[in-house]
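Notes for the one structure printed next.
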Amino acid sequence: MADVREGHAVGGDIEEPLDLVRLSLDERLYVKMRNDRELTGRLHGFDQHLNMIMSEVEETVTTLELDEETFEEIYRTTQRTIPMIFIRGDGVILISPSPLRQGHK
Amino acid sequence: MPLFYSFFKSLVGKEVIVELKNDLSIHGTLHSVDQYLNIKLTDISIPDPDKYPHMLSVKNCFIRGSVIRYVQLPAEEVDTGLLQDATRKELAQGKQQPAASAGSAAPAVTTT
Amino acid sequence: MALSSIEPYVNRSVSIITGDGRVIVGTLKGFDQTVNIILSNSHERVYSSSSGVEQVQLGLYIIRGDNIAVIGELDEELDSEINLNDIRAEPLNPVVH
């Protein structure tokens, strides 16, 4: 099983979604949050609620603004980095170890 | 004891920034935490007091866990290796039997 | 526990931030494990970017825990030094889960 990739994993087989999250421990991953927030960072801990601890986090917040004259919809992104963060699981929509997202700014 | 409950207990006395789901950020010293991850801070300050003067005369506060979005932590105080091991342990324990202690030894939770 | 956490605020002046972004100040008279609280002599502080803080008397209030974001212990000495008429600020955002 994919479990072999992580030599020091305990608990054995891949049976449920959280087993896949376990494989991302100490790896960088992408997290999509509610309210148009996206994070990438290194995962160090999580629980069954998907509460998480991540380090070297880059957060991108996307806001939609309406140009008052042209009524054009403008997507604006703001970014910040946070060295170490606890993320409450109830705001998490999805997480992905995919490197495709990592360059996403 | 649940992983993040014991994790936050280990950070008592350290400075954190709690970011709420109403966009307010509160900087302060972590005073205590409970099993719902409600958090008490002492000696608080608001990073953007011009925008948020609403808590100017508050120095200590209780924050309901459910309204927390993030907690920014002092990176040097987090033992990431230990946390990763505790995470794997809690996951494995959760599969075998519900309830078993993870992390450091702790007194039993009592309810009145 | 949540109980022991709020206990020291009983009979003290507290400032509550509610889920819909209001600020209510009063004396904390009681609470339970779900953080339902009782406030006596309470008033709301209504913030506005165009005028000073307006205070609206409310009296005895019971606030359901689900609608409470923050319970702040009000430092009355600090509070008396603040001139609420001089403060201009947007109301707080509601909590978005």
Side-chain angles (χ1 to χ4, degrees), chain A residues 3 6-29 31 33-39 41-61 63 78 80-93, chain B residues 1-11 14-23 25 30 33 35-39 47 63-100 102-103:
Chain A
D3 200 46
E6 190 82 345
H8 48 285
V10 292
D13 297 335
I14 306 293
E15 297 169 340
E16 55 173 45
L18 288 188
D19 292 326
L20 286 170
V21 185
R22 192 189 64 216
L23 298 185
S24 293
L25 277 171
D26 212 19
E27 305 284 340
R28 285 194 75 82
L29 81 168
V31 182
M33 305 276 297
R34 285 175 172 273
N35 306 117
D36 300 306
R37 289 169 190 269
E38 297 169 283
L39 309 170
R42 189 173 299 280
L43 180 69
H44 299 295
F46 67 91
D47 65 11
Q48 68 274 29
H49 307 292
L50 284 183
N51 293 323
M52 291 185 275
I53 301 280
M54 287 170 77
S55 70
E56 305 156 47
V57 175
E58 278 223 353
E59 186 203 38
T60 307
V61 184
T63 50
T78 51
R80 58 175 173 161
T81 59
I82 303 158
M84 188 70 72
I85 195 176
F86 165 80
I87 301 155
R88 201 169 154 97
D90 56 6
V92 173
I93 294 172
Chain B
M1 190 161 50
L3 178 65
F4 286 105
Y5 177 37
S6 47
F7 173 77
F8 276 110
K9 280 189 137 186
S10 76
L11 290 177
K14 305 288 188 279
E15 284 187 31
V16 297
I17 299 174
V18 179
E19 190 174 323
L20 308 184
K21 289 173 182 165
N22 62 6
D23 298 329
S25 289
L30 185 63
V33 61
Q35 78 265 39
Y36 304 108
L37 304 186
N38 297 324
I39 282 177
I63 303 166
R64 213 165 187 271
S66 59
V67 305
I68 293 171
R69 179 185 292 137
Y70 304 134
V71 183
Q72 297 183 41
L73 308 163
E76 66 280 6
E77 300 291 345
V78 178
D79 185 333
T80 54
L82 202 68
L83 188 59
Q84 286 160 203
D85 289 344
T87 297
R88 292 190 182 95
K89 206 182 281 178
E90 171 145 304
L91 202 63
Q93 280 174 351
K95 284 183 183 183
Q96 288 161 7
Q97 276 158 10

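All values reported here derive from a predicted model rather than from experimental measurement. Protein chains get the first letters and strands the later ones, always in sequence-line order, with residue 1 at the start of each.
- For chain A, no part of B/D79 is nearby; none of its heavy atoms comes within less than 4.5 Å.
- Within the 4.5 Å cutoff, no side-chain heavy atoms of B/E19 are placed close to those of A/I82.
- Counting only heavy atoms from C-beta outward, the side chains of B/S66 and A/R88 approach each other to under 4.5 Å.
- A heavy-atom distance below 4.5 Å is found between the side chains of A/N51 and B/L37.
- By the ring pair (Phe, Tyr, Trp, His ring centres under 6.0 Å) test, A/F86 pairs with B/F4, B/F8, sequence neighbours left out.
- Heavy atoms closer than 4.5 Å to chain B are found in the side chain of A/M33, but not in its backbone.
- The pair A/D26-B/R88 does not count as a salt bridge, with every side-chain nitrogen at least 4.0 angstrom from each carboxylate oxygen.
- Of all heavy-atom pairs between A/F46 and B/L3, the closest is O-CD2, 3.4 Å.
- Options A/H49, A/R80, A/Q48 differ in how many heavy-atom pairs under 4.5 Å they form with chain B, and the most are formed by A/R80.
- If you measure heavy-atom distances from A/E59 to chain B, the contacts under 4.5 Å come from the side chain alone.
- Contact annotation for B/L73: both backbone and side-chain heavy atoms come within less than 4.5 Å of a heavy atom of chain A.
- To the nearest 0.5 Å, atoms CE (A/M84) and OH (B/Y70) are separated by 15.5 Å.
- Checking each of B/D85, B/T80, B/T87, B/L83 against A/L25 for a side-chain contact (heavy atoms from CB on, under 4.5 Å) leaves exactly one that passes, namely B/T87.
- For the set A/L18, A/N35, A/L43, A/I53, the entry with the most heavy-atom pairs within less than 4.5 Å of chain B is A/I53.
- Taken to the nearest 0.5 Å, the CZ atom of B/R69 stands 3.5 Å off from the CZ atom of A/R37.
- Taking the salt bridge (Lys or Arg N to Asp or Glu O under 4.0 Å) definition, one finds that B/R64 meets it with C/D66, sequence neighbours left out.
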